[in-house]
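Shown next, in structure tokens, is the structure this report addresses.
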There are 2 protein chains.
Amino acid sequence: MERADAARNRARILEAAAELFAARPPHEVTMDDIAKAAGVGRGTLYRRYPDRASIAVALLDEHERELQERLLRGDPPLGPGAPPAERLAAFYAAMVRLLEDHAHLVLGSEVGRTRFQTGAYGFWRAHVRSLLVAAGTPRPDALVDTLLAPLAPEVYVFQRSDLGLGMDEIVEALTRLTRVL
Amino acid sequence: MERADAARNRARILEAAAELFAARPPHEVTMDDIAKAAGVGRGTLYRRYPDRASIAVALLDEHERELQERLLRGDPPLGPGAPPAERLAAFYAAMVRLLEDHAHLVLGSEVGRTRFQTGAYGFWRAHVRSLLVAAGTPRPDALVDTLLAPLAPEVYVFQRSDLGLGMDEIVEALTRLTRVL
DNA sequence: TGCTTAAATGGACAACGTGTCCGCTTAGTG
DNA sequence: CACTAAGCGGACACGTTGTCCATTTAAGCA
């Protein structure tokens, strides 16, 4: 039972933050900017979102949920039914799509160590781990994060912007990783 | 021709910074802390090192140089002479060693996008790329950063500290990646 | 509708870190 | 010893952060 004004402000904040994050690099957007753009006071903003990261996480949430749904119950090769290696390749392709569309948001959600502590990372981790297990790969725990590492947003942005690689080239390189299964 | 007092202060700064970085997380160490610990003024500190990252880079420099030297002119399998896949595995093992000893410093050198812009990353990149070329791997450029991604310090710290994996387990997982050659 | 209450608001405020600036000091040179 | 330019260091101004609390407002109830 969230109060009406609270719900309205939450929506305003997310909308304003999305625009600001799209317009300029995340670390140039201050909490004050977001509060001003949303037309709310600092206190109101901090009440819900203690830092930029939590705002970006909230914004990403729906997109991630959708992919998670397709991983669990979608059609093969993304969903259940296909061989593990193919499912991993499909997962890589889908994640690249997600990064392409929302890399700026992911970068806004405070890159670095915190990435591993989000619920989303836990989900990707569990998914890939289950694929490794299904493929009969020994000692999956050591390998999971190794296979997930190239999906770090910084890596993607570097490959895409600084190196000028295309999405397809990146997906192709990731696909080659599935040989380790 | 660096003045004697300048050289003395540079040494003091690096020594103090090394201690502080070892004692607590990098982002809790302020430039002011370093200046105070080194017994120099803010201006003196900023004259040489405009931010924490540049200090950490300077601290890492010697360790990285040593490994770079061994890659270029050391004994196989790290140095020239061994098959590319074995050299890559040896490189992984050596990097894990470096991370184990100095991860806190690497983390101090401002994690994230900047990592890719350091000279050191360029060196690792060129090395791995040459191994891919030597192995006859097609389209090496897309694959290099994919193979380098699991060596991001955040990933290593997560595997080592949060997951409790051992060095050998991580090295073993990385070694499995060399199959893509 | 009017009353009550607890949640929600927003802006002022203190604390902190950053980076710069400039008068003073000191090393190096002839 | 004197001169000069490089080096020094701390004060300062600025921007950001996170908290606090007096005021407002939504929602439930008589």
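Chain A is the first sequence line, chain B the second, and so forth, proteins listed ahead of strands; every chain is numbered from 1. The figures here come from the full heavy-atom set of this structure, side chains too, leaving out hydrogens, waters and symmetry mates.
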Quick one: CG on B/Leu151 to CZ on B/Arg115, what's the gap to the nearest 0.5 Å? 7.0 Å
Round to the nearest Å and state the distance from B/Lys36 atom NZ to D/dG10 atom C1'. 9 Å
Quick check against the 3.5 Å criterion: does A/Asp51 have a side-chain atom that pairs as donor or acceptor with the backbone of A/Ser54? yes
Partners passing side-chain hydrogen bond (donor to acceptor under 3.5 Å, both in side chains) against B/Tyr121 (at least two apart in sequence or in another chain): B/Asp145
Partner set under side-chain contact (heavy atoms from CB on, under 4.5 Å) for A/Ala6, not counting sequence neighbours: A/Glu2, A/Arg3, A/Arg48
side-chain hydrogen bond (donor to acceptor under 3.5 Å, both in side chains) partners of A/Arg139, counting only residues at least two apart: B/Glu172
Look up atom CG in A/Leu88 and atom CG in A/Leu147, then write down how far apart they are to the nearest 0.5 Å. 6.5 Å
Note down the inter-axis angle between the two ends of the helix from C/dT1-D/dA30 to C/dG30-D/dC1, five pairs each, to the nearest 10°. 10°
Within the sub-3.5 Å range, which N or O atoms of nucleotides 26-30 of chain D have a protein N or O partner, and how far apart are they?
residue: D/dA27; atom: OP1; partner: A/Ala4; partner atom: N; Å: 2.8

Review item, side-chain donor-acceptor pairs of residues 71-85 of chain B, under 3.5 Å, at least two apart:
residue: B/Arg73; atom: NE; partner: B/Glu69; partner atom: OE2; Å: 2.7
residue: B/Arg73; atom: NH2; partner: B/Glu69; partner atom: OE1; Å: 3.1
residue: B/Arg73; atom: NH2; partner: B/Glu69; partner atom: OE2; Å: 3.3

Pairs flagged by ring pair (Phe, Tyr, Trp, His ring centres under 6.0 Å) wherever residues 60-82 of chain A is involved - sequence neighbours left out: A/His63-A/His102
List the residues meeting side-chain hydrogen bond (donor to acceptor under 3.5 Å, both in side chains) with B/His127, not counting sequence neighbours, and say none if there are none. none
Can you give me the N/O atom pairs linking the protein to nucleotides 16-20 of chain D at distances under 3.5 Å, or say none if there are none?
residue: D/dT17; atom: OP1; partner: A/Arg52; partner atom: NH1; Å: 3.0
residue: D/dT17; atom: OP2; partner: A/Met31; partner atom: N; Å: 3.3
residue: D/dG18; atom: OP2; partner: A/Tyr46; partner atom: OH; Å: 3.2
residue: D/dG18; atom: N7; partner: A/Arg42; partner atom: NE; Å: 3.4
residue: D/dG18; atom: N7; partner: A/Arg42; partner atom: NH2; Å: 2.9
residue: D/dG18; atom: O6; partner: A/Arg42; partner atom: NE; Å: 3.1

Run the side-chain hydrogen bond (donor to acceptor under 3.5 Å, both in side chains) test against A/Arg47 and tell me which residues pass, sequence neighbours left out. none
Describe the nucleic acid contact of A/Arg48 in one word from base, sugar-phosphate, nothing, applying a heavy-atom distance below 4.0 Å. sugar-phosphate
If you count every heavy atom of other residues, nucleotides or ligands that lies below 6.0 Å from A/Arg179 atom CZ, does the total exceed 12? yes
Under 4.0 Å between a side-chain N or O of B/Asn9 and OP1 or OP2 of D/dG7? no
Which donor-acceptor pairs under 3.5 Å do the side chains of residues 11-26 of chain A make with protein atoms, sequence neighbours left out?
residue: A/Arg24; atom: NH1; partner: A/Glu28; partner atom: O; Å: 3.1
residue: A/Arg24; atom: NH1; partner: A/Asp33; partner atom: OD2; Å: 3.4

Spell out, as yes or no, whether a donor-acceptor pair under 3.5 Å connects the side chain of B/Thr44 to the backbone of B/Val40. no
Check every nucleotide of DNA chain C for an atom under 4.0 Å from a heavy-atom of chain B, then give the first and the last such nucleotide from 5' to 3'. C/dG17 to C/dG28
